[in-house]
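Read the numbers this way: they start at 1 and go in the same order the structure lists the ligands and their atoms.
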Amino acid sequence: MDRKDFLVKTAVCGAAWAVAASPLKLFGAPAPAAKAKSPELKLSFQEGIAPGDSLEAKLDFMENLGIQGLEPGGGGLASRVSDLTAKLSGRNIKISAICAGFSGFLLAEDAAVRKQCIDSMTEILAAAGELGAAGVILVPAFNSQKPVLPHTPETRAFLVEELHELGEIAAKYHTTVILEPLNRREAHYLRQVADAASLCRDAQSAGMACMGDFWHMTAEETSDYGAFFSGGPYLKHVHVASRRNRIMPGEDGEADNYIDGFRALKAMNYDGYVSFECGTRGNRAETVTAAVNLLRKQWAEAKA
Ligand code: MG
């Protein structure tokens, strides 16, 4: 037994002895509350992940694999609420989050384009609330979206005001706006989880949240653990993909290690979903199944 093992074992034994010998215990008082259970890994798929010609076939495949969440796109979501509700009825799969689907963008120079974003987000948020989604994923500006407001402190302050407004709309519908940091090739404006979390904090709205995407984090973060932890109470969603080519976890071999990030999620008692957002180069039914098994194995290995 090395020193660490010895300390752990004596600490555990010591605690057991203290409970057994406690006068309170002897006189029938309730035992101390059990330590919080380690959070479970709740996996979710975007609609393109599972094989199948129809949503029903995809949901059957997901249910067989024990997948608990579905992340639909936000485009036209309002018209899909009743259909999605019916198809999920009686299944052990819930809507995890809604992936974007809005038009316009929040950091547009043109006020009309910003209004388009707020209006379309409002419609998606209402549908997301009806579906019980954790939130609707939002990117303030992709690199391709122009003309864009300059990347200055004044623009950041303006963004915080816009996020407050959107967050309040989300809260009204019992859901959230989930800020997603992307890698610099897609959106240099918001790249790190800590930055997204600080925007949520400053927006001062219960309807603002953030997420981390392992794919983007590979390029932008120096620590998976540090990145997720920096999300703090605002972290409501996670995306996963392989780490070199954005295909199924495991298809990039040894590079596909998620344990450090999973350690943080466990330490934080994260109760949201880890949702697949990726392609594949192999047989979909096989690569998806292998990816799910890999993530479950790594989750079990991760020590908070
Ligand atoms: Mg993503």
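- The nearest N/O/S atom of Asp213 to the Mg ion (ligand 1) is OD2.
- For the residue pair Gln46/Glu277, the side-chain donor-acceptor check at 3.5 Å is satisfied.
- Between ND1 of His239 and OE2 of Glu180, the angle at the Mg ion (ligand 1) works out to 100°, rounded to 10 degrees.
- Glu71 and His237 share a side-chain donor-acceptor pair at under 3.5 Å.
- Taking a 6.0 Å sphere around CG of Asp83, one finds it holds more than 12 heavy atoms contributed by other residues, nucleotides or ligands.
- Among the backbone and side-chain atoms of His216, none of the N, O or S atoms lies under 2.8 Å from the Mg ion (ligand 1).
- Taking the N/O/S atoms of Glu277 in turn, the shortest distance to the Mg ion (ligand 1) belongs to OE1.
- For the 3.5 Å distance criterion, the side chains of Thr85 and Ser82 fail to qualify, holding no donor opposite an acceptor.
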